[in-house]
Every structure is written in structure tokens, then in C-alpha cells.
Amino acid sequence: TLAEQLPSVFVTELDPGPLSFEDPGAFRVKSTKELLRALAVFRFCSVPLLVNNCDKLLSVARGVLGRRGLSLLLRPFVYAQFVAGETEGEISRSMTKMADLGLRPMLAVPLEEDLGESTGEQRYEENMASMLECVRLSHSNAWTTDPMMQLKITALLSPELCVKLTALLKHQTSVDLEVLLRGLNGEPIRFPGLDERENAHLLCGLKRLNTIAEASVHKVRVLVDAEYTYMNPALSLVTMAMMKKFNQGGVWIWNTYQCYLKESRGFLQEALDVSSREGFSVGVKLVRGAYMDKERRQAEKEDRPDPVHDSWENTNHSYNGNMELLMDLISQDPQRYRVIIATHNEESVRRTVQRIEELGVDKEGGSVCFGQLLGMCDHVSLTLAEQGYAVYKSVPYGSVEDTMPYLVRRAQENRTVLQGIRKERDLLRLELHRRMPSTNEEERGRETLGCLETL
């Protein structure tokens with residue numbers, strides 16, 4: 001228990017021993033300023049009223065303070081907690097510090113679109129340039145020997161087209177990657193059910209994705225994000241076409257599977273079957289999912305079954321079951337299959353570590369790694385890194401103006417996670433308490449044990 005570890009927390013000159021997820025000593029590598037900032041930000045994020053209305057609050061603040069004033073207000077607070085920086089120098093300093101802690105960056109350009117937000121080909125071309133810059137940043141620096149980056153297809157291809165493709169795919173009995181492969185190669189295509197303008201836009205989007213993949217292969221692993229169920233089948237089809245082209249000599253293109261969806265096991269198994277049939281390797285980013293509220297509202301609005309698991313326990317069962325499936329495959333062929341366990345859930349992390357040990361999977365081989373968000377769940381990330389596991393932090397970067405809408409959307413999608421960070425807040429408090437000068441160690445121990453009662 002954490003109470004039994006108190007002496008090792010207090011006596012900093014002694015070897016603190018192996019870290020556990022209950023040990024505030026995980027934060028001993030953080031500065032006091034960083035601890036105080038994290039506590040303040042987490043306190044803000046744990047208030048539902050503030051999180052639910054943070055976009056409105058930002059709009060009001062921008063009107064009162066102006067863009068420059070808002071930037072000055074947010075930079076040392078929320079921005080510094082969750083964003084690596086704006087300039088290459090700022091990003092490099094953040095990533096170097098992360099590397100010193102044994103953590104690896106997974107850079108994320110804060111770009112995406114939803115229905116009704118399409119901005120035209122010129123904007124998509126600009127987004128492609130931003131993602132190519134992300135490839136360069138990820139590869140040209142010595143932060144890690146195995147860099148990753150995130151990519152949202154809807155930053156390069158209109159959501160409306162992805163929705164239409166998804167509707168068309170419902171009437172197909174098998175997956176045909178050849179049309180999309182021709183598009184990736186720049187050849188004229190005609191996807192059944194799309195008109196001439198839509199086919200032209202699909203071709204442009206595929207060529208943009210191909211440009212990014214060609215720039216990243218053998219350099220940076222590209223993790224394609226999942227989005228909403230009304231477009232995910234199209235996103236997965238495009239991603240699998242990219243996998244077939246670029247995952248012949250390694251796992252460079254990865255897809256994301258959301259385990260809070262009732263059909264997640266079926267989606268994952270279908271991808272594994274296609275990869276086996278088509279002869280390409282598979283990278284999987286395994287997440288629980290962040291769009292639960294919107295998915296349920298949309299399903300109710302359209303009078304269709306709720307796609308999300310009925311309970312948290314069912315979601316956990318789904319996540320752990322998919323993890324087990326992938327771990328078994330990796331133990332048989334670690335070069336063909338890779339997974340990033342992208343979760344803040346400690347039980348799933350423990351189960352994965354247990355399976356790694358049981359199956360004899362090389363934890364340094366790259367076939368299994370872990371992922372959390374920058375600025376959150378550091379007690380898990382730092383513990384895993386200390387024990388020699390590959391741990392990535394999802395790292396957005398850019399200006400305050402560019403990143404705040406992205407952070408607002410992430411915050412509102414991850415309300416449950418944000419409201420459940422009480423444990424991390426308490427561990428931060430314990431580490432701060434440890435640093436307080438005091439001559440009465442017994443009194444400090446009693447006070448700290450009092451804090452433990454709130455965990």
C-alpha cells in the first residue's frame with residue numbers, strides 16, 4: 001500500500017526502489033513549479049461546469065483580453081501543461097526534457113474537421129504541409145530512435161465524403177483495396193457510388209496521404225486516429241490501403257480501434273483477416289474512446305441502437321480482450337504485429353505488463369508500447385519508463401490560437417477521464433508535502449496519512 005511506502009517517499013537520499021502506481025515518488029523528477037501548475041490545471045479540469053463551457057469562456061476572454069492577452073494568460077497555465085510549444089526551439093526543449101525522463105514523443109498536429117467544417121482543397125494542402133513538417137520534426141531530432149506521430153484523415157479529406165463512403169461500404173460484402181491503392185499511386189479512380197467531383201476529391205485526398213506516408217516510411221511511424229462511427233469505416237478502409245502499400249517491410253502505418261464500441265472486436269478481427277489475406281503487417285493503437293456522449297446522442301437522434309457498450313465494465317472487458325488477442329499474435333510474430341496500449345487505465349496497463357512477462361515478449365523490441373496524453377497520467381508513464389518499457393506521450397504543438405480549440409475539444413470529449421484524475425492530484429499533493437521543510441517527521445507522516453484517506 002502507499003502508506004507502507006511512506007518512509008521511502010520521505011527519505012530522498014535513500015534509493016526509493018521500484019516505482020508503483022501508488023507512489024508519489026514518481027513525481028520526484030518534476031520541479032515544484034510543474035507540480036503546482038499540474039495541481040491548478042487538474043483542479044480546473046475536474047469541474048464539469050468549467051469544462052463543458054470552456055469554449056464559451058475562451059470566447060469571452062478573447063473578447064476582453066484580445067488574442068495577445070489571452071495568449072499571455074494561458075501560456076504558463078493550460079498551454080504549458082498540455083502543449084510542447086510553438087517554435088521548433090520550444091518543442092525541442094520540451095522533447096529533450098521528456099527524453100531525459102525516459103519518455104518518447106508522439107507529435108500531433110492539432111488539425112481535424114467534422115461535418116459542416118470543410119474548408120476546401122487549399123486548406124487541405126496547407127494541412128498536408130503542416131503534417132510533412134511534423135514528419136520532419138519527428139525524424140530530424142534525437143528525441144527517440146523510434147519516433148511516432150498522429151494523423152487525422154479528416155484534416156486531408158472532407159468528413160462529408162468519409163460519411164458517404166461509409167454509407168456505401170454498408171452495401172459491400174467484401175473489402176476491395178485496389179481502387180484506393182490506385183488512388184494512392186496517383187492513378188485516376190472511380191469509386192462506385194461517388195460522382196465525378198467526389199471521385200476527384202477522393203483522389204486528391206489519397207495523393208496527400210500518400211505524400212505523407214512516403215515521407216515517413218522507414219523514418220516515423222504514422223498512427224491514424226479513429227473518429228466518429230458515421231465515418232470510421234471509410235477511415236479504416238483508407239488506412240488499410242495505406243498499410244497494404246507501406247507495411248510490407250515494417251509497421252509504419254497504424255490504425256486506431258475504439259474499445260468502447262460494441263463492434264470493436266469485429267472491426268479489429270476484420271483488419272487482422274484482411275492483413276493476413278493481403279499480406280501486410282498491422283500496427284494497432286488501442287484506445288477506449290473519447291466520443292461516447294456524441295455517439296449516444298447521434299444514435300438516439302437517428303433512432304438506431306447505441307453503438308457504445310452499456311457499462312464501464314463491458315468497455316474494460318472489450319479493451320482487455322482485444323489486448324489479449326493482439327498480445328497472442330505478437331508473441332507468435334513480433335515483426336508482423338505491433339500495438340500501443342494507449343490508455344490511462346492502470347488495470348489495463350498492469351494486465352498488459354503481466355501478459356508481456358507471461359508470453360516472454362521483449363519489452364524493448366518495439367512490438368508493444370504504452371501511450372498517454374502529455375501532461376496527464378505521469379505517475380503511470382514515469383513508472384513504466386522507469387521499468388524499461390517504451391512509453392509515448394501524445395504531444396500537440398503550435399500557437400495558443402491554433403491549439404486551444406483542439407484542447408477544448410479533447411477536454412470535452414474526455415470529461416470522464418478529467419473528472420477521474422483525483423488520484424493523480426492527491427499524489428501530486430503528497431510529493432509537494434514531502435518537499436516541505438519540517439523538523440517533525442512523525443507529524444508529517446500523520447498529516448500525509450490523513451491525505452491518504454481521501455484517495
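Note that the coordinates shown come from a computational prediction; the quantities given were computed from them, not determined experimentally. We use all heavy atoms of the structure for the numbers below, so side chains are in, but hydrogens, waters and symmetry mates are not.
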Inset, instruction - Please lay out, stage by stage, how S92 and T96 fare under the test side chain to side chain contact (heavy atoms under 4.5 Å, CB included). - result: CA-CA 6 Å; S92 183; T96 300; 4.1 Å; yes

Inset, instruction - Start with the C-alpha distance between K164 and E160, add both sets of side-chain angles, then the distance that settles salt bridge (charged side-chain N to carboxylate O under 4.0 Å, His left out), and finish with yes or no. - result: CA-CA 6 Å; K164 184 167 183 178; E160 286 78 12; over 6 Å; no

Inset, instruction - Kindly indicate, with the supporting measurements, whether the criterion side chain to side chain contact (heavy atoms under 4.5 Å, CB included) is fulfilled by L407 and M404. - result: CA-CA 5 Å; L407 292 179; M404 287 315 297; 3.8 Å; yes

Legend entry - Verdict with reasoning, L202 to L157, per side chain to side chain contact (heavy atoms under 4.5 Å, CB included): CA-CA 7 Å; L202 176 59; L157 192 64; 4.2 Å; yes

Inset, instruction - Go through the steps to decide whether C377 and H379 satisfy the test side chain to side chain contact (heavy atoms under 4.5 Å, CB included), and finish with yes or no. - result: CA-CA 5 Å; C377 206; H379 63 298; 4.2 Å; yes

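Of the inter-residue distances, the one linking I153 atom CD1 with T239 atom OG1 reads 3.5 Å to the nearest 0.5 angstrom. How far CD of Q81 is from CZ of F44: 13.0 Å, rounded to the nearest 0.5 Å. Here the CG atom belonging to L203 is positioned 9.5 Å from the CZ atom belonging to R208, to the nearest 0.5 angstrom. Taking CD of E278 as the reference point, atom CD of E178 lies at 6.5 Å (rounded to 0.5 Å). R43 contributes atom CZ, which lies 10.0 Å from atom CZ of R422 (distance to the nearest 0.5 angstrom). Summarising the geometry, atom CG belonging to L428 is positioned 9.0 Å from atom CG belonging to D426; distances are rounded to the nearest 0.5 Å.
For the pair S399 (side chain) and E86 (backbone), a donor-acceptor distance under 3.5 Å is absent. Not one N or O on the side chain of K393 forms a donor-acceptor pair closer than 3.5 Å with the backbone of P105. The main-chain N or O of A215 is never found under 3.5 Å from a side-chain atom of H139 such that the two would form a donor-acceptor pair. Proximity of a side-chain donor or acceptor of S276 to a complementary backbone N or O of D273 within less than 3.5 Å is not detected. Checked by atom type and distance alone, the side chain of Y392 never pairs as donor or acceptor with a backbone atom of A342 at under 3.5 Å. Counting only distance, with no hydrogens or angles, the side chain of R338 and the backbone of G366 share a donor-acceptor pair below 3.5 Å. Not one N or O on the side chain of R37 forms a donor-acceptor pair closer than 3.5 Å with the backbone of P76. Of the possible donor and acceptor atoms, one in the side chain of S331 sits under 3.5 Å from a partner among the backbone N and O of D328. In this structure, the side chain of N185 does not engage the main chain of E187 through any donor-acceptor pair within 3.5 Å. Remark: side-chain polar atoms of E424 are paired, donor with acceptor, to backbone N or O of D378 under 3.5 angstrom.
Looking at heavy atoms from C-beta onward, H344 lies in side-chain contact with L373 at the 4.5 angstrom threshold. A heavy-atom distance below 4.5 Å is not found between the side chains of Q298 and T229. A heavy-atom distance below 4.5 Å is found between the side chains of Y397 and C134. Between Q269 and L325, the closest side-chain pair of non-hydrogen atoms falls below 4.5 Å. Residues N247 and V282 have side chains not in contact (no heavy-atom distance under 4.5 Å, counting atoms from C-beta outward). Looking only at side-chain heavy atoms (C-beta outward), N210 and F246 come within less than 4.5 Å of each other. Two residues are said to be in side-chain contact when any heavy atoms from C-beta on lie closer than 4.5 Å; L237 and L165 fail this criterion. Looking at L181 and L206, their side chains never come closer than 4.5 Å, going by heavy atoms from C-beta outward.
Other residues, nucleotides and ligands contribute over 12 non-hydrogen atoms within 6.0 Å of the CZ atom of R304. Enclosure of atom CD in E196 is not indicated, since only 12 or fewer non-hydrogen atoms of other residues, nucleotides or ligands lie within 6.0 angstrom.
Checked for salt-bridge contact, E295 and K262 miss the test: no charged N lies under 4.0 Å from a carboxylate O. A salt bridge between E88 and R136 is present, with a side-chain N of the basic residue lying under 4.0 Å from a carboxylate O of the acidic one. Here K207 does not pair with E125 in a salt bridge; the nearest charged N to carboxylate O distance is not below 4.0 Å. The pair E347-R351 counts as a salt bridge, with a side-chain nitrogen and a carboxylate oxygen less than 4.0 angstrom apart. The existence of a salt bridge linking E300 and R297 is excluded, since no basic side-chain nitrogen approaches an acidic carboxylate oxygen closer than 4.0 Å.
Checked against ring pair (Phe, Tyr, Trp, His ring centres under 6.0 Å), H201 has the following partners two or more places apart in sequence or in another chain: Y124. Judged as a ring pair (Phe, Tyr, Trp, His ring centres under 6.0 Å), and not counting sequence neighbours, F191 has no contacts. Checked against side chain to side chain contact (heavy atoms under 4.5 Å, CB included), S130 has the following partners two or more places apart in sequence or in another chain: V109, L111. Every salt bridge (Lys or Arg N to Asp or Glu O under 4.0 Å) that D306 has, sequence neighbours left out, goes to R296. Listed by chain and residue number, nothing satisfies the side chain to side chain contact (heavy atoms under 4.5 Å, CB included) test with H317 (two or more places apart in sequence, or in another chain). Partners of E263 by side chain to side chain contact (heavy atoms under 4.5 Å, CB included), not counting sequence neighbours, listed by chain and number: F267.
The shortest non-hydrogen separation linking T403 to P110 is CG2-CG, 3.9 Å. Here the closest heavy-atom approach between residue S348 and residue Y319 is recorded as OG-CD2, 3.6 Å. The shortest heavy-atom contact between M95 and L107 is SD-CD2, 4.2 Å. Nearest approach of A84 to V395, heavy atoms of both residues: CB-CG1, 3.3 Å. Between S264 and N322, the shortest heavy-atom distance links the atoms OG-ND2, 3.5 Å. Residue L70 comes nearest to A61 through the heavy atom pair CD1-CB, 3.7 Å, listed as atom of the first residue, atom of the second, then distance.
Side-chain contact of E324 with N320: a donor-acceptor pair under 3.5 Å is absent, judged by distance alone. R288 and T343 share a donor-acceptor pair across their side chains, judged by distance under 3.5 Å alone.
The aromatic rings of F42 and F82 lie tilted to each other, with the angle between the two planes from 30° to 60°. Between Y228 and Y291, the angle of the ring planes lies from 30° to 60°, which puts this pair in the tilted group.
For the pair K363 and Y389, the cation sits on the ring face: its NZ or CZ lies under 6.0 Å from the ring centre, inside 45° of the axis.
If you run side chain to side chain contact (heavy atoms under 4.5 Å, CB included) between V400 and each of L73, V83, L74, only L74 comes through.
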